[in-house]
Structure formats: structure tokens, C-alpha cells
Protein chains: 2
Amino acid sequence: MNIKEIAEIVGVSSATVSRVINNSGSVKEETRQKVLAAIEKYNYVPSQVARSLSTNDTSIIGVIIPDIENPFFSGVIRGISEVAEQNKYNIMFFGTNETPSIEHSYLQIALAERLKGVIITPISENDKHTRDMLIRLKQAGVPVVLVDRDISDVEIDGVFIDNKAGAYQGVNALIDEGHRKIGIIKGPSRSKPGRDRFLGYLKAMEDGELMVRDEYIAKGNFKIDMAYERTKELLSLDDPPTAIFTSNNFTTIGCLKALTELDLTIGKDISVIGFDEIQILKDIDYKLSVIERDAILQGREAMNILLARLEETERTDKYIKKILPHRIILRGSEKIRTTNNI
Amino acid sequence: MNIKEIAEIVGVSSATVSRVINNSGSVKEETRQKVLAAIEKYNYVPSQVARSLSTNDTSIIGVIIPDIENPFFSGVIRGISEVAEQNKYNIMFFGTNETPSIEHSYLQIALAERLKGVIITPISENDKHTRDMLIRLKQAGVPVVLVDRDISDVEIDGVFIDNKAGAYQGVNALIDEGHRKIGIIKGPSRSKPGRDRFLGYLKAMEDGELMVRDEYIAKGNFKIDMAYERTKELLSLDDPPTAIFTSNNFTTIGCLKALTELDLTIGKDISVIGFDEIQILKDIDYKLSVIERDAILQGREAMNILLARLEETERTDKYIKKILPHRIILRGSEKIRTTNNI
DNA sequence: CTTACAATTGTAAGCGGTTACAAAAGATAA
DNA sequence: TTATCTTTTGTAACCGCTTACAATTGTAAG
């Protein structure tokens, strides 16, 4: 069933049917009713794809995210989708699984699908291909908003937090507790948050006049398994750290898993502060200190920026890097009670 | 930049350009190269929307899910998106947030967007509007696959688990530990899993020759807050239950939150078995007994069924209700050590 | 050098809508 | 009644691609 068939049935032209569908132009009330009746009767649903082609406009925005299983990102998507729903936009979802080639092909698809806008957490800060594609999108008039991970050398809107400051506060809290041997499970250094959080660690160490020891710096990839292994390695050092800073929620979980296995209690045998709140642990009063931020808000804000871009008539050159708040929540895991280790 | 412009630049017809893009028909190698060069040079990306209109075919499948923040559903989406990616399908994501009217409008959009298929976890088992829309989709040749929640009176493929059996096992494990006063935080009864899990509870109680007490049956909605409140209510009864069965992951969390607040330890002061594994608790060796199932697998299987439907030439009438395995994992929280209560 | 057939390319009609413009029909005022 | 303005409706081009069919060119055999 298409518009022409409906038109024929009612005995009008397709232009008239189009008018009643879109509430545009003027249509006699009687005609309108007849058309609506036919649409209803035949369950006619206008093709959005034909419409898109004709108007050269879609209502679909692309959301490109590394890992939907990470609660932070599902929160972001939740925020995006709330605002999108309220504004009649639909979401095309892409999960890159931290794989650059997949990210690239999704960006290509965004171009091909003529998406209205793109919200992306890019895998890497310096991926040339990704950067080029994002520029092409912008040039094609498709606004792009970064979430959580910034990209260098390019003028793109985004919403982030101050990762360096957050990590600094976390590590600093450990130092305040008297720790001098502080390890870190890093995130991937190709990502801005991974690097910035590490920089925050370094800065805090420096300000605390503590030596940064290479063997205390564990390379991670924001994944549970890797953090688990690295933690075990850190603790099997001859002179292991007394405190560990973990770079994101999954890293924290992997770390806690290892500690649990080694029968070490946080806040007692060893100290831990992690980036990202872990909701369930809070609910069961598991005393983990964290750097917390609002994922849903971050998603909402990203979508709001996108909406603003879509509404602006003339392209403003000023681009927005919005920094959302974070806060440190100390629950005791930054402390330590063993006397022989510190 | 469109196909005609490329054609002009190269000095061929748009048909020829189309042929090289699609690797269809035959094109002289020399021509092909010239066309490819122009495409490359001008960064031409064929419009997927024009293509869709022309071929009357898209590669977009709709995924309609209640709550992306629930790890079970993000797992499902992960599974779907993996298989989709491998098969060159894209995902249009819709989060209903358990709101029927939103679900309805999303189904309408699925129709309008001419989606290739739909995977949905419907909010309710008996929503007439939703059922009608799903039937319309099927009639329009759009395969539909249900995930996790079945719908009554309609022949639609789906992948589920045996909720009743799962709940039965859980409650039964509690009974085996000697519990006679077992409460349940129900899920929403409009949903099949909510009802089935409750039925499993009833059956286990019946088989255990235990009295089902109304005040032990707490209505829930699969949300944390509600479960939290209900748990507190259960425990403030004059004769509170000694064990609680919780109907899904969020329900379990809400329950644990209340227990924590009341300073009750599971496996000691009170017993709990919950539906759904909670990964992080497992990692930190928090002894929670659960009914576990594989969310990613469920997503993969749903997408596989959809793919099969899309590939079948003639419409088979046999529809598939796939039941995936679940298993009970006892970690001690089904036990109780207080002597005065049981 | 034809002829016959295969390979290559072009023409033009869709796909299902929207919309500028023109035409027709009504309404109002003189 | 006529002229004028408004409202309603229709015509047809267009959005950017695909594809059936026709036309052209190339090639090998006769």
C-alpha cells in the first residue's frame, strides 16, 4: 500500500494525501476525513525511506559506542535515548567492541545512511581514519558529538569529565592515607581518558613527592580480565604496592576479583580507589571508594548539544567541549590497617 | 555528490556507475577503474536511503528493549549486535523504559522505516495494541523475534528460558535448606517471566507442602527501588519470612540493599536466591545463590532466528520457540544459621 | 568482409514520497 | 453578475539510486 493507492481509493491526487499526512497546505475538512478513513482502513503507513529521500532528511542519529555491556555506556545510551525520544529522533546503534576497523566501517555507514547526527565514543584519540571520517561527516553537515573520549587536533563538540583531576583526587586520597607505594592499572593509552587518568596519577605522585616506579604501572585495556591479571602481577612483586588506583569500572572489578582471590580485604590489607561508581557495590555497602560521574547525564548532554547543532541555522564556529562534574566518594577502601606494609 | 555527478565526471551513464558500485552487470575493467578513481577522489558515498527505496530493501533491524541499563538486556543487545555486524545488518535501537505507549510508537516507527526485521522484548504479555502491531509487521513480511518475554495467542518466534522451572529450582533449594517461610518479590505480572517465575514459586511451595501466605508475596516491577521497599515491608511483618526469592537481577539488588540496611547477612541471618547472575558479586565472592542464564547467547540466538527467517524463501508456518538453558548456582545464600527463626 | 554472439554501455522507467506551480472551485465585494 | 481574492486540488518534476531493455561495440568464426 502506497500513497498513490490511497489517493486512488479516495479519488484524490497523491499530493492531497501527502498534505493530510503532513498537515501541510490546505485540505478541505471533508476530504481530509475521507483520506484519514482510507489510511486507517488500509493500515497505510507512509514509507519513511521514501520521505527521507524526497526531503533529503532523516530523523536517525548514530550512536557509536565501544562496549554496551559497560554500565557507563549503557547509562550514556539511556540518556541519549531519553532525549532522542522526546525529540522524535531515532537511534541507530553501533557497538565497536574497541575494534578500530569496525569503528571505521560504522562511520562509513553513518555517511551512507545519511544520518542526521552522530554521537561517538571513539576508540582512540589519534586514529587518523576515524578523525578523517568525522571531519567528512561534519563537512557533509552531519553534526558530531564526542562522549567521554576526546580526539586531538579536531574541532568537534563533546562532553567529558576532567579525568586528570579525578584521578589526581583519587591518588591523592591514597597518599593522604599515608600510602607511598601506589600502583595503577592503566586504561589503554590510545584513549584520552586512559591517558589523562594516568597523568592525574603521575601528577598526584609528583605533588606528593613520591617516586613513580615502573613496576607499579600496569598496562590495562579497561577490561576485567586484563585488570585481574595485572593486579595479580602487581601483588606478586617482591615489594608490592600497598594501594592500587584502577582506571575504570571494569578495571576495578578485575582488580577486586584478584584481591578477593588472594584473600585481601580492601580498606584493611590493601587500599583501592577506582574510577567509576559501581552501583551494586554501593547498595550492598561494600566499602569501595570511587570517582563517580553521571553517565545518564553525560548522554543527555551529548544529545542536547547535538540538538542545538541541528537547530542552529548558520554554522557557528565556536565548538563546545562540555566538562561535567565528577566527585570522589570515600568509603574507606582508601585506608589500610596492616601495619607492616606501609 | 550523487551518482549522476560521478557519472558525468567520468563520462559514463549513471547505470554504469551503479554497476561498478554493486559489482553487478559487466563493466570494462578500464571503465571500472576510472569510476572507482572518481568515487575515491570525490569521496562519494552512495545514499543508502535512495538504494533502499529503489530496491525496496533495507539492512536495518529494530531492537526494542525495555531497559538498556539492565545488564541482562545489554547482554542481549551485545549478542544481537555481534551477529548483526557479521551479517552486515544495522541496528535501530529503541528503549521503551517499560512504557507501553512508547513501545507502541516504536512499533509504528518500525513499520514506517520499513525495517528488515524486529527483535523485541515486549513489556506485556497481553497488550492488544502491541500484539496487533506485531501481527501487522509479520503480515508486512517483517519477521519478528521475541526475546525473554513471550506473548500469548500469537505465532511468533522467540527465544526464552524456562522461567517456571528456574524459579522452582530456586525456591526448592530454599525449601531443601529447611525454610518454611519463604517470601517472593514478584516481577510485574503483566510480563510472562514475571508470572512464570511466580508460578514456579507456587509450584515449589505446593510440592513442598508449604502454605503460601499472601503477606509473603510482594508485588514488584523488576526495579531496584520497588524491591527495596517491598523487602523492608516483608521483614517488618510480625512473622517475617526466613528466605526470599527475588525475581530478577534488579529485584535482587533492591532486596540486598534493604537487607544490608537492616544489617542482615545473607546465608546467615536470612536466605536469598535470586533470578539472574550478578557478575560483580561473583567476582568479589559475595556468596549469592542465583538462577543463571546467558544473556549474550540469548541475543545471538534471537538474531540467528531472525537471519534464518530472512533467508528462507517460502514462509514456513512452523514457528520457533527456543528455550535456552538456565542453571542454578548455589553459593550459600540459600542457607541460614540463625537458630531461632526457622 | 560478413555474421553471430558476447561484452559493454546507455536509456528511461520506476521506488514512494514531497512540493512548486498551475488550475479549478468558492467566497466576497462591488 | 463580474472581478478579485482565497481555498482547494491536481500536475509533474524531483530526491538518488536500480534495473529491464535496447543499443552499441568488440570479437571470433565463416
Side-chain angles (χ1 to χ4, degrees), chain A residues 1-39 42-60 108-116 140-142, chain B residues 1-39 42-60 108-116 140-142:
Chain A
M1 184 67 52
N2 61 32
I3 200 174
K4 222 171 272 178
E5 297 181 69
I6 292 289
E8 248 170 55
I9 288 165
V10 180
V12 295
S13 75
S14 65
T16 297
V17 176
S18 176
R19 289 191 191 98
V20 353
I21 290 172
N22 297 291
N23 255 293
S24 64
S26 73
V27 179
K28 213 206 306 185
E29 183 55 26
E30 189 192 333
T31 316
R32 167 188 312 284
Q33 291 308 331
K34 281 195 288 188
V35 170
L36 289 176
I39 287 175
Y42 294 94
N43 270 334
Y44 165 64
V45 181
S47 161
Q48 193 52 57
V49 9
R51 227 162 168 157
S52 291
L53 178 60
S54 184
T55 60
N56 187 28
D57 186 27
T58 62
S59 57
I60 306 176
Q108 183 74 20
I109 292 173
L111 237 18
E113 294 283 354
R114 303 292 193 261
L115 299 184
K116 197 68 189 288
V142 181
Chain B
M1 186 64 54
N2 61 34
I3 200 173
K4 221 172 276 178
E5 297 183 69
I6 292 290
E8 251 169 53
I9 288 166
V10 181
V12 296
S13 75
S14 63
T16 297
V17 176
S18 176
R19 288 190 192 99
V20 354
I21 291 171
N22 297 292
N23 255 294
S24 64
S26 75
V27 179
K28 212 205 306 186
E29 184 55 25
E30 189 192 333
T31 316
R32 167 187 313 283
Q33 291 308 331
K34 280 194 287 187
V35 170
L36 288 175
I39 287 176
Y42 293 94
N43 271 334
Y44 165 64
V45 181
S47 159
Q48 193 51 57
V49 10
R51 224 163 170 156
S52 291
L53 178 60
S54 184
T55 59
N56 188 27
D57 186 27
T58 63
S59 58
I60 307 175
Q108 183 74 20
I109 291 173
L111 236 19
E113 294 283 354
R114 304 293 193 260
L115 299 184
K116 198 68 190 289
V142 181

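Quick note on labels: first sequence line is chain A, next is B, and so on, each numbered from 1. We use all heavy atoms of the structure for the numbers below, so side chains are in, but hydrogens, waters and symmetry mates are not.
Rotation axes derived from the C1' atoms of the five outermost pairs at either end of the helix from dC1(C)-dG30(D) to dA30(C)-dT1(D) lie 50° apart, to the nearest 10°.
If you run side-chain contact (heavy atoms from CB on, under 4.5 Å) between Ile3(A) and each of Ser47(A), Ser14(A), Pro46(A), only Ser14(A) comes through. The only member of Val10(A), Ile9(A), Val20(A), Ile39(A) that meets side-chain contact (heavy atoms from CB on, under 4.5 Å) when paired with Lys34(A) is Val10(A).
One donor-acceptor pair, N or O on each side, does fall under 3.5 Å between the base of dG17(C) and the side chain of Ser54(A). A donor-acceptor contact under 3.5 Å links the side chain of Arg19(A) to the base of dG10(D).
Spacing between atom OH of Tyr44(A) and atom C1' of dG16(C) amounts to 7 Å, rounded to whole angstrom units. Remark: C1' of dT8(D) and NZ of Lys34(A) are 13 Å apart, rounded to the nearest angstrom. The nearest whole Å value for the distance from the CD1 atom in Ile39(A) to the C1' atom in dG17(C) is 13 Å. Between the CD1 atom of Ile3(B) and the P atom of dA12(C) there is a distance of 17 Å, rounded to whole Å. When rounded to the nearest whole Å, the span between CD1 of Ile6(B) and P of dT18(D) equals 13 Å. Gln48(B) places its CD atom 15 Å from the P atom of dG16(D), with the value rounded to the nearest Å.
Proximity of Ser52(A) to the phosphate of dG17(C): no side-chain N or O atom is located under 4.0 Å from OP1 or OP2. Applying the 4.0 Å criterion to OP1 and OP2 of dG16(D), one finds that Arg51(A) has every side-chain N and O outside that range. Residue Ser18(B) places none of its side-chain N or O atoms closer than 4.0 Å to OP1 or OP2 of dC17(D). Residue Ser13(A) places at least one side-chain N or O closer than 4.0 Å to OP1 or OP2 of dG10(D). Taking only side-chain nitrogens and oxygens, Asn22(A) comes nearer than 4.0 Å to OP1 or OP2 of dT18(C).
Map Ser24(B) and Val49(B) each onto its nearest nucleotide of DNA chain D; the residue landing nearer the 5' end is Val49(B). Annotation: of the two residues near DNA chain D, Leu53(B) and Gly11(A), the 5′-most nearest-nucleotide partner is Gly11(A).
Counting only heavy atoms from C-beta on, Asn2(B) has its side chain closest to dG16(D) among dG17(C), dG16(D), dT19(D). Between dG17(C), dG10(C), dC17(D), one nucleotide has an atom nearer to the side chain of Val12(B) than all others, and that is dG10(C). Here the side chain of Thr16(A) is nearest to one of dA12(D), dT9(D), dC17(D), namely dT9(D).
Under the 3.5 Å distance criterion, the side-chain polar atoms of Ser52(A) are matched with a main-chain donor or acceptor of Asp57(A).
Of the residues in residues 26-33 of chain B, those with a non-hydrogen atom less than 4.0 angstrom from any atom of DNA chain C are Ser26(B), Val27(B), Lys28(B), Thr31(B).
Pairing each heavy atom of Thr58(B) with each of Arg114(B), the nearest pair is OG1-O, 3.2 Å. Of all heavy-atom pairs between Ser13(B) and Ala7(B), the closest is C-CB, 3.6 Å. Of all heavy-atom pairs between Gln33(B) and Glu29(B), the closest is NE2-OE2, 2.5 Å.
Under the 4.5 Å side-chain criterion, counting only non-hydrogen atoms from C-beta, Arg51(B) is in contact with Asn22(B).
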